[in-house]
Amino acid sequence: QVQLVESGGGSVQAGGSLRLSCAVSGYSLDMYCLGWFRQAPGKEREGIAAIDNGGRTSVADSVKGRFTISQDNAKNTLSLQMNSLKPEDTAMYYCAADRKLWLGCGIERDVDYYNSWGQGTQVTVSS
């Protein structure tokens, strides 16, 4: 069973940057679809970035040009670089993994199609 542990969240002023990391244990990253999600209070969990087992990435329109997803296969780590942060980016951020590659690994992959989740890391952006 894969285990995911996020780190790197915190509080930052608008315009600042944070880098989230997700340590993945269990199998090598090239066996998974991997994604970053976020959930603000009172809102549904939304997918913001995804990467497939070939390293192809996709991001949500709301973060395009500001957030970058990447993976380090040697360290088995998934990352999310977040620049130009806005107050509306405030949320709990989660990484997710799933081995059902045939369902597609893009940003459109539904939250219900990921079966492994980290515990989340809080990101708070003040204006």
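Treat the numbers as computed from the prediction; the structure is a model and nothing was measured.
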Backbone of [Y] reached by a side-chain donor or acceptor of [X] within 3.5 Å:
{"X": "Asp98", "Y": "Asn115", "result": "yes"}
{"X": "Gln39", "Y": "Ala91", "result": "no"}
{"X": "Asp52", "Y": "Gly106", "result": "no"}
{"X": "Glu6", "Y": "Cys95", "result": "yes"}
{"X": "Thr121", "Y": "Ser7", "result": "no"}
{"X": "Ser127", "Y": "Pro87", "result": "no"}
{"X": "Gln81", "Y": "Arg19", "result": "no"}
{"X": "Asn76", "Y": "Ser25", "result": "no"}

Determine whether more than 12 heavy atoms belonging to other residues, nucleotides or ligands lie under 6.0 Å from atom CD of Gln3.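 12 or below, so no.
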With a sphere of 6.0 Å drawn around CD of Gln119, does it hold more than 12 non-hydrogen atoms of other residues, nucleotides or ligands?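 Yes, the 6.0 Å shell around CD holds more than 12 heavy atoms from other groups.
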Cluster overlap [X] with [Y], hydrophobic side-chain contacts below 4.5 Å:
{"X": "Leu4", "Y": "Tyr93", "answer": "yes"}
{"X": "Ile51", "Y": "Val2", "answer": "yes"}
{"X": "Trp117", "Y": "Met92", "answer": "yes"}

Within this structure, what is the [atom1]-[atom2] distance for the pair [X] and [Y], rounded to the nearest 0.5 Å?
{"X": "Tyr32", "Y": "Asp30", "atom1": "OH", "atom2": "CG", "value": "10.0 Å"}
{"X": "Lys75", "Y": "Leu29", "atom1": "NZ", "atom2": "CG", "value": "12.5 Å"}
{"X": "Ser70", "Y": "Leu78", "atom1": "OG", "atom2": "CG", "value": "7.0 Å"}
{"X": "Arg109", "Y": "Phe37", "atom1": "CZ", "atom2": "CZ", "value": "8.5 Å"}
{"X": "Gln71", "Y": "Cys22", "atom1": "CD", "atom2": "SG", "value": "11.0 Å"}
{"X": "Cys105", "Y": "Tyr113", "atom1": "SG", "atom2": "OH", "value": "13.5 Å"}

Does the ring center of Trp36 lie less than 6.0 Å from the ring center of Phe67?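 So the answer is no for these two rings.
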Are Val123 and Val125 packed together at the side-chain level, in the sense that at least one heavy-atom pair is separated by less than 4.5 angstrom?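 Yes - at least one pair of side-chain heavy atoms lies under 4.5 Å apart.
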Leu101 versus Met31: any side-chain heavy-atom pair under 4.5 Å?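 Side-chain contact under 4.5 Å: no.
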[X] to [Y] - nearest heavy-atom pair and separation:
{"X": "Gly118", "Y": "Tyr94", "result": "O-CD2, 3.6 Å"}
{"X": "Ile69", "Y": "Leu34", "result": "CD1-O, 4.3 Å"}
{"X": "Ser21", "Y": "Thr77", "result": "CB-CG2, 4.2 Å"}

Output, in order, the C-alpha distance, side-chain angles, deciding distance and verdict of side chain to side chain contact (heavy atoms under 4.5 Å, CB included) for Ser62 and Arg38. CA-CA 12 Å; Ser62 59; Arg38 68 185 180 187; 3.7 Å; yes
Let me see the working for Asp89 and Met82 under side chain to side chain contact (heavy atoms under 4.5 Å, CB included), right down to the final yes or no. CA-CA 10 Å; Asp89 294 319; Met82 305 186 295; over 6 Å; no
Test side chain to side chain contact (heavy atoms under 4.5 Å, CB included) on Ile48 and Leu80 and set out the steps. CA-CA 10 Å; Ile48 55 173; Leu80 184 70; 3.8 Å; yes
